[in-house]
Amino acid sequence: MGKFEVLKNGTLFIQKANIKDQGQYICFAQNEYATVRLQVVAAPPAILEEKRQLVRAEIGQNLFLACSTYGDPRPTTYWVLHDGTIVQPLTYSHTKVSVFGNGTLYLRDVQITESGKYECIATSSTGSERRVVTLSVKRTETAPQITETSQQRTDVIYGGHLHLNCSAVGDPKPQIIWRLPSKALVDQSHRYTITKDNVFFLIFKRYTLFNNGTLYLNKVGGNVRFDCKAIGEPKPKVFWMLPSKDMIAASNERYLVHANGSLDVRNVKLADAGEYVCMALNAAGEENKVYKLDIDGNPPIINAMHTILLSFEIMCDTEHFSH
């Protein structure tokens, strides 16, 4: 039997009438006819949950967004995601997104990039209805907390190495910065010079801050240069007299004599303190310059841990002699 059937008594039988079947029906009998108007009463789709909803979630949270529908005929339901993707019920092909048979949308491990509008749409022959869920995914921030540090006191010998541990947790991941005795801040490997009252303080250690927050202090050392550019006719010969009264005119393992007469003292030690005399000689005469190198080896404290600050005070005296 089809949808429409005329019975023996002339009655028109309509099976499973729907909204499309409404309208005028005309019955013809020889020269007579009668008109019957059919109106089909149907319920348009409806969604039980609120039509607009704001949902706030944290990163990594799993969500269930309900969308319960009814209507006559029964509506078809699907979801449109924030990026325009359409997901039908009983679809589990997405690893993070699923729609159950009752219309509920499941979102797993939500991220900030998944914030946006999610629409549940119910349609039937009688119309359509939609529900819009605005999802806001945010990070929950927590204040930094130091979880690991070096022991309260650590002794290190002059010229040695030192690791100072400092681990911290927080969200977002905290940045670790060390403050030195000079009040300078360290966040990467560097060397720098501090001047005060015309005295040169050279911090020769290389401070390295690792990703895990550990501060690495390289062994004390470094170089200091004494400039002594000599001119004359004929070109003068440059000699240096060390605090030990030794004379040098050429480079060796500890001392580098430049072509212009300047002297580099490598890997400065406490024993290198004293006077350095630059002597320029030629047939016409001699001129001396005296440099004084003072080294302060007293270890200051950084967070109750030892380090070494070398200070250099350079003084220059000039004497002139003629043959």
Side-chain angles (χ1 to χ4, degrees), residues 53-65 79-85 87 92-98 104-119 132-157 159-194 201-222 299-310:
Q53 181 183 8
L54 173 62
V55 175
R56 293 184 173 89
E58 298 178 3
I59 291 178
Q61 188 174 345
N62 299 332
L63 298 177
F64 293 89
L65 305 180
W79 280 86
V80 179
L81 307 185
H82 69 102
D83 59 359
T85 301
V87 184
Y92 308 99
S93 58
H94 297 74
T95 57
K96 289 172 60 70
V97 181
S98 302
T104 297
L105 174 67
Y106 172 66
L107 302 176
R108 184 176 66 85
D109 188 26
V110 294
Q111 302 298 316
I112 292 179
T113 55
E114 297 175 272
S115 297
K117 292 184 178 181
Y118 292 75
E119 295 187 52
V132 180
V133 178
T134 301
L135 175 61
S136 177
V137 182
K138 293 185 178 180
R139 182 191 304 275
T140 301
E141 297 184 354
T142 57
Q145 180 181 0
I146 296 178
T147 57
E148 179 185 357
T149 60
S150 297
Q151 56 186 343
Q152 290 297 313
R153 180 183 179 88
T154 300
D155 295 324
V156 60
I157 62 173
H161 303 263
L162 178 63
H163 285 81
L164 301 178
N165 297 322
C166 180
S167 299
V169 295
D171 197 355
K173 184 178 180 180
Q175 179 186 9
I176 295 178
I177 300 175
W178 284 83
R179 187 173 66 183
L180 306 183
S182 63
K183 307 303 181 182
L185 301 179
V186 177
D187 59 2
Q188 60 182 352
S189 175
H190 68 291
R191 299 172 69 175
Y192 52 91
T193 302
I194 304 173
F201 295 91
L202 305 181
I203 299 179
F204 281 122
K205 281 189 294 298
R206 181 175 297 274
Y207 297 90
T208 303
L209 184 59
F210 295 97
N211 291 335
N212 63 359
T214 297
L215 179 67
Y216 173 69
L217 289 77
N218 201 0
K219 68 176 182 179
V220 179
I301 300 297
I302 175 171
N303 290 344
M305 302 167 189
H306 291 286
T307 183
I308 304 297
L309 176 65
L310 302 182

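Position 1 is the first residue of the sequence; numbering continues from there.
- The line from CG of Leu81 to CD of Glu119 is 10.5 Å long, rounded to the nearest 0.5 Å.
- Scanning both residues, Glu114 and Leu135, for their nearest heavy atoms gives O-CD2, 3.8 Å.
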Report the C-alpha distance between Ile59 and Gln111 in whole Å, list the side-chain angles of each, state the deciding distance to 0.1 Å, and finish with yes or no for side-chain contact (heavy atoms from CB on, under 4.5 Å). CA-CA 5 Å; Ile59 291 178; Gln111 302 298 316; 3.4 Å; yes
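- Among residues two or more places apart in sequence or in another chain, the side chain to side chain donor-acceptor pair (under 3.5 Å) test is passed with Gln53 by Arg131.
- Put simply, the side chain of Leu65 reaches to within 4.5 Å of the side chain of Trp79, judged on heavy atoms.
- Of all heavy-atom pairs spanning Asp109 and Lys96, the tightest one is O-NZ, 2.7 Å.
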Assess the residue pair Leu107 and Asn62 against the criterion (side-chain contact (heavy atoms from CB on, under 4.5 Å)); give the C-alpha distance rounded to whole Å, side-chain angles, the decisive distance to 0.1 Å, and a yes or no. CA-CA 6 Å; Leu107 302 176; Asn62 299 332; over 6 Å; no
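- In this structure, Val110 and Ala57 approach most closely via the heavy-atom pair CG2-CB, 4.2 Å.
- Note: Asn165 CG to Ile176 CD1 = 10.0 Å, rounded to the nearest 0.5 Å.
- Minimum heavy-atom separation, Tyr118 to Leu105: CD2-CD2, 3.8 Å.
- The CD atom of Glu58 sits 11.0 Å away from the CD1 atom of Ile112 when rounded to the nearest 0.5 Å.
- Although no hydrogens or angles enter the test, the distance criterion places no donor-acceptor pair under 3.5 Å between the side chain of Ser167 and the main chain of Thr147.
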